[in-house]
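Each chain gets a letter, A, B and so on, in the order the sequences are listed, and its residues count up from 1.
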Amino acid sequence: MNIILEILAQLYPYTRSELNYENPFQLLVGTILAAQATDRKVNEVTKDLFKEYRTPQDFLKMDLQTLEQKIKSINLYKTKAKHILSTCETLVRKYGGAVPQNREALEELDGVGRKTANVVLSYAFDIPAIAVDTHVFRVANRLGIVQAKNVQETERMMEKLIPREWWSRAHSSLVLHGRRVCDARKPKCDECALKEHCEYERKTEG
DNA sequence: AACTCGGGGCA
DNA sequence: TGCCCAGAGTT
């Protein structure tokens with residue numbers, strides 16, 4: 001278990017919170033933008049955007065069309081722009097511009113669901129929460145970290161299994177590994193650094 | 001639980 | 001070209 005996490009941490013020695021995000025609010029916005037999109041594209045868009053706009057109050061200086069234009073190259077950009085400005089209004093009105101630190105409050109925000117809430121809790125606040133997306137579900141089950149039949153069960157099992165200090169890093173590295181090596185269709189088992197620790201590799205070998 | 005959104009990446 | 005994607009909202 002821990003050896004797998006150690007290897008993953010060496011393979012992917014950064015987390016999303018170490019990219020363009022300078023505060024929990026920017027992490028929240030970046031995570032909303034990341035839904036069904038690629039990390040590279042989100043980083044492109046947020047690099048300049050987050051230098052100029054750091055708080056909900058900053059974002060509310062833009063009208064909807066302005067924000068749409070700035071994030072235009074990201075999928076679902078119109079929906080996301082609307083959600084982001086709505087969320088900024090809520091943050092200012094109910095939380096004085098701060099990002100709430102509990103799941104219920106986060107999930108009430110426009111554009112924030114279970115996975116985004118968990119990402120913010122674990123990355124920004126070090127609060128126990130694991131965002132299980134399709135990558136985490138697939139890779140964790142293939143490796144044998146868990147044996148779960150769905151996302152919800154994976155989430156429950158990983159919260160018990162994974163040491164607290166690993167939670168945010170476990171998520172990001174499992175996702176990246178799922179995209180780059182352990183993909184859904186044709187996993188590159190021959191070039192996988194984890195093959196000696198992987199149950200899926202053992203089953204499919206030969 | 002199924003459906004919709006929707007530009008971009010990649011084979 | 002066709003298929004899929006670091007999800008969430010609506011019905």
Side-chain angles (χ1 to χ4, degrees), chain A residues 8-9 11-21 24-47 49-50 64-65 67-91 99-100 103-125 129-143 145 149-155 158 162 166-188 191:
Chain A
L8 283 171
L11 285 177
Y12 312 104
Y14 64 89
T15 68
R16 289 166 79 171
S17 57
E18 292 164 350
L19 299 178
N20 290 328
Y21 314 129
F25 168 70
Q26 292 189 336
L27 170 67
L28 174 61
V29 174
T31 308
I32 291 175
L33 290 174
Q36 299 292 98
T38 63
D39 54 337
R40 197 164 61 94
K41 180 56 73 176
V42 173
N43 288 336
E44 268 174 35
V45 167
T46 56
K47 186 173 183 182
L49 188 66
F50 284 171
L64 186 57
Q65 288 72 24
L67 180 55
E68 282 180 359
Q69 205 56 37
K70 289 181 182 297
I71 66 173
K72 194 173 177 51
S73 62
I74 292 184
N75 65 323
L76 309 178
Y77 69 96
K78 288 185 179 177
T79 306
K80 288 173 180 177
K82 193 164 58 179
H83 285 166
I84 288 168
L85 289 185
S86 165
T87 285
C88 288
E89 289 176 5
T90 305
L91 291 178
V99 177
R103 181 174 291 137
E104 293 72 23
L106 284 169
E107 288 192 19
E108 285 176 5
L109 300 170
D110 248 356
V112 180
R114 175 85 179 178
K115 298 190 185 73
T116 302
N118 279 357
V119 167
V120 172
L121 289 172
S122 59
Y123 279 70
F125 302 127
I130 291 192
V132 178
D133 52 41
T134 56
H135 294 300
V136 175
F137 174 67
R138 182 182 67 252
V139 177
N141 278 279
R142 279 182 179 170
L143 284 170
I145 293 177
K149 59 176 180 289
N150 56 38
V151 168
Q152 287 75 17
E153 192 180 354
T154 304
E155 196 173 301
M158 289 186 71
I162 297 191
W166 281 99
W167 282 27
S168 64
R169 188 170 289 273
H171 168 260
S172 73
S173 57
L174 286 170
V175 170
L176 289 172
H177 194 65
R179 287 179 60 85
R180 298 177 185 177
V181 180
C182 195
D183 58 274
R185 298 288 180 97
K186 294 186 293 182
K188 303 174 179 64
E191 58 185 77

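Applying the 4.0 Å criterion to OP1 and OP2 of C/dG7, one finds that A/R114 has every side-chain N and O outside that range. Of the side-chain N and O atoms in A/K41, one or more sit less than 4.0 angstrom from OP1 or OP2 of B/dG9. Between A/T134 and C/dA6 there is a side-chain N or O to OP1 or OP2 distance below 4.0 Å. For C/dA6, neither phosphate oxygen OP1 nor OP2 lies less than 4.0 angstrom from any side-chain nitrogen or oxygen of A/S172. A close approach under 4.0 Å does not occur between any side-chain nitrogen or oxygen of A/Q36 and OP1 or OP2 of C/dC5. Contact annotation: A/R179 reaches the phosphate of C/dA6 (side-chain N/O to OP1 or OP2, under 4.0 Å).
Side-chain atoms of A/R103 never come within 3.5 Å of backbone atoms of A/N118 as a donor-acceptor pair (strictly under, hydrogens ignored).
The neighbour count for A/K188 NZ, taken as heavy atoms of other residues, nucleotides or ligands under 6.0 Å away, is above 12.
Closest to the side chain of A/Y77, from the set B/dG7, C/dA6, C/dG9, is B/dG7. Closest to the A/K78 side chain, of the nucleotides C/dG7, C/dA6, B/dG6, is B/dG6. Of all nucleotides listed (C/dC4, C/dA6, C/dG7), C/dG7 comes nearest to the side chain of A/L76. Taking only side-chain atoms of A/T116, from C-beta outward, the nucleotide of C/dG7, C/dA6, B/dG6 with the closest atom is C/dG7.
Along DNA chain B, the nucleotide nearest A/T38 and the nucleotide nearest A/A35 are compared for position; the residue whose nucleotide lies closer to the 5' end is A/A35. Mapping A/D110 and A/A37 onto DNA chain C by nearest heavy atom places A/A37 at the nucleotide closer to the 5' end. Ranked by how close their nearest DNA chain C nucleotide is to the 5' end, A/N75 and A/K115 are led by A/N75.
At whole-Å resolution of the value, CG in A/N43 and C1' in B/dG9 are 15 Å apart. The distance from atom CG of A/L33 to atom C1' of B/dG6 is 14 Å, rounded to the nearest whole Å. A straight line from CD1 of A/I32 to P of C/dA8 spans 9 Å, rounded to a whole angstrom. Rounded to an integer number of Å, the gap from A/E68 CD to B/dG6 C1' is 13 Å. If you measure from atom CZ of A/R138 to atom C1' of C/dC4, you get 12 Å, rounded to the nearest angstrom. In this structure, the OH atom of A/Y21 is 14 Å from the P atom of C/dA6, given to the nearest Å. Taking atom CZ of A/R40 as the reference point, atom P of C/dA6 lies 14 Å away to the nearest angstrom. In this structure, A/K82 atom NZ and B/dG6 atom C1' are separated by 14 Å, rounded to whole Å.
When side chains are defined from C-beta on, A/H171 counts as touching A/Y123, because their heavy atoms get closer than 4.5 Å.
Distance check on atom C1': B/dA2 versus C/dA6 gives 23 Å, rounded to whole Å. A distance of about 23 Å separates the P atoms of C/dG9 and B/dG8, rounded to the whole Å.
When only modelled atom types and interatomic distance are considered, A/N75 and A/K80 share a side-chain donor-acceptor pair under 3.5 Å.
From A/I84, atom CD1 reaches atom CG of A/L33 across 4.0 Å, with rounding to the nearest 0.5 Å. Once rounded to the nearest 0.5 Å, the distance linking CD1 of A/I130 with CH2 of A/W166 reads 12.5 Å.
Residue A/V136 is classed as having no contact, given no heavy-atom separation below 4.0 Å to the nucleic acid. Looking at heavy-atom distances under 4.0 Å, A/L174 makes no contact with the nucleic acid at all.
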